[in-house]
Amino acid sequence: MPRVEIPSPFHLSPGQLRRLRRRLLAWFAANGRDMPWRRSRRPYPILVSEIMLQQTQVERVEPKWRAFLKAFPSLNRLAQAPRRDVIVLWDGLGYNLRAVRLHLLAQRISRERHGRLPRTLEELRALPGVGPYTASALACFAFGVDTPVVDTNIERVLRRLFAADPSDPDAPITKRRGATLAAALLPAGRSRDWNLALMDLGAQVCAPRQPRCGACPLAAWCTARAAFAAPRRQAGSQPRSPSTPGGPRRLSRRPAVRFENSNRYYRGRIVKLLRSLAPHESVPLSQLGRRIKADFTVADRAWLGKELRKMAREGLLEVRRKNGRSHVAMPS
DNA sequence: AACCCGGGGCT
DNA sequence: AGCCCAGGGTT
């Protein structure tokens, strides 16, 4: 019976591919990281972990994840909670919009689906705060769907393993290329362990800076290994020209002023201030500026107003009238 | 594709 | 003082 051969995106023979999979899964069984959300089989705790893990390190998420689930034990309970409480529990995680979107997601799923998350990629992808990565991660880790998952760790592993130019193992690859490689490697029926294994390999062995190729179970198949074994000097890592100890250095060494003039910094300050308020308290707009910016002047009013409107639109805060004056508060 | 969005830890 | 991190949304 004739079969259509799907062209392999890489150089491995079927036998090599089989051995590669077996080696990594064995490595994972012995070296995989133990994280609390990996012990759960409930979609909701896994959802919370995936949202928290967006651009936030594992170690920092762990305690926050526990506290969040203690406060909001189920998706329906999260949906019922005041927005304010959700933002308060998000303290220390950053990217506060994630908290808002998770709350919106919970409210939608609670109202429209009786608190049951969908399990297809398309439906998951349509939820607020769920992009391509999180949709596939949820499908795989929460529902056992055979789908590739490509985060930054896995992309790095794939990039190096199948580098087109062995002398440039960290040359960027396209999303499409990453998805193609990940799909071709995926062992049907073991997607969960496989994707977690690739992640852990990227985090613990195939590290961004100094990959430990000597400890890598995939080194035998890896295109990048030679390049890392004989490290050539990177473009940006040349030792800086020696500074003569009296030569024209800096004019004055500033006390490392974190020039966080960015909107980002002040948005964080605003949310932090609102978190510190009692549940029904609010801050007069007339005071807000100088409470988040030491050198706030009238010239900053337009800027602040614009940021506040944006944040109100995003659901991070509310601007209300109180005694005829504008006050800023947590969303109700 | 580029930009915005926090915060902490690492080198 | 940059770089990095289980990305998503907007333009």
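Numbers restart at 1 for each chain; the letters A, B, ... are given by sequence-line order, proteins then strands.
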Suppose you measure atom [atom1] in [N] against the same atom in [M]; what distance do you get, rounded to whole Å?
{"N": "C:dC5", "M": "B:dC5", "atom1": "C1'", "answer": "14 Å"}
{"N": "C:dA6", "M": "B:dC3", "atom1": "C1'", "answer": "22 Å"}
{"N": "C:dG9", "M": "B:dG8", "atom1": "P", "answer": "24 Å"}
{"N": "B:dG6", "M": "C:dT11", "atom1": "P", "answer": "16 Å"}

Starting at [atom1] of [X] and ending at [atom2] of [N], how long is that distance when rounded to a whole Å?
{"X": "A:L105", "N": "C:dG7", "atom1": "CG", "atom2": "P", "result": "18 Å"}
{"X": "A:R98", "N": "C:dG8", "atom1": "CZ", "atom2": "P", "result": "11 Å"}
{"X": "A:L201", "N": "C:dA6", "atom1": "CG", "atom2": "P", "result": "13 Å"}
{"X": "A:E155", "N": "C:dG7", "atom1": "CD", "atom2": "P", "result": "10 Å"}
{"X": "A:M199", "N": "C:dC4", "atom1": "CE", "atom2": "C1'", "result": "16 Å"}
{"X": "A:L273", "N": "B:dG6", "atom1": "CG", "atom2": "P", "result": "15 Å"}
{"X": "A:L93", "N": "B:dG7", "atom1": "CG", "atom2": "C1'", "result": "9 Å"}
{"X": "A:L316", "N": "B:dC5", "atom1": "CG", "atom2": "C1'", "result": "10 Å"}

*Partner set under salt bridge (Lys or Arg N to Asp or Glu O under 4.0 Å) for A:R66, not counting sequence neighbours*: A:E62
Name the pairs: protein N/O against N/O of nucleotides 8-11 of chain B, kept only if under 3.5 Å.
from	atom 1	to	atom 2	distance (Å)
B:dG8	N2	A:Q57	NE2	2.6

*Are A:F141 and A:W37 an aromatic pair by the rule of ring centers under 6.0 Å?*
no
*Using 4.0 Å as the upper bound for N to carboxylate O, is an ion pair formed by A:D85 and A:R83?*
no
_Check ion pair A:D34-A:R39 (N to O, under 4.0 angstrom)_ =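 Looking at A:R39 together with A:D34, the answer is yes, because their closest N to O distance falls below 4.0 Å.
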_Check this one for me: any side-chain N or O of A:K310 less than 4.0 Å away from OP1 or OP2 of B:dC5?_
yes
_Of residues 31-56 of chain A, the positions that come close to DNA chain C - non-hydrogen atoms, cut-off under 4.0 Å_ =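 Contacts with DNA chain C under 4.0 Å: A:M35, A:W37, A:R38, A:E50, A:L53, A:Q54, A:Q55.
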*For A:R101 and A:Y95, test the side chains for any donor-to-acceptor distance below 3.5 angstrom and give the result as yes or no.*
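Looking only at side-chain atoms, A:Y95 and A:R101 do not form any donor-acceptor pair under 3.5 Å.
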*Proximity to DNA chain B (any heavy atom under 4.0 Å), residues of residues 126-153 of chain A only*: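 Residues of residues 126-153 of chain A under 4.0 Å from DNA chain B: none.
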I want to check something: taking the side chain as every heavy atom from C-beta on, are [X] and [Y] in contact at a cut-off of under 4.5 Å?
{"X": "A:L75", "Y": "A:L47", "result": "yes"}
{"X": "A:R113", "Y": "A:E123", "result": "yes"}
{"X": "A:L161", "Y": "A:T223", "result": "no"}
{"X": "A:W194", "Y": "A:V149", "result": "no"}

*Nearest to the side chain of A:R125, which nucleotide is it out of C:dG9, B:dG6, C:dA6?*
C:dG9
*For A:K64, report the nucleic acid contact type (base, sugar-phosphate, nothing); a contact means any heavy atom under 4.0 Å.*
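Nothing, no nucleic acid heavy atom in range.
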*Between A:F296 and A:W303, how do the two ring planes meet: parallel, tilted or perpendicular, split at 30° and 60°?*
tilted
*Taking side chain to side chain donor-acceptor pair (under 3.5 Å) as the test, write out the residues that go with A:N76, two or more places apart.*
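Expected list: A:S110.
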Show me the donor-acceptor pairs, under 3.5 Å and distance only, between side chains in residues 322-332 of chain A and residues at least two apart or in other chains.
from	atom 1	to	atom 2	distance (Å)
A:H327	ND1	A:S282	OG	3.1
A:S332	OG	A:E318	OE2	3.2

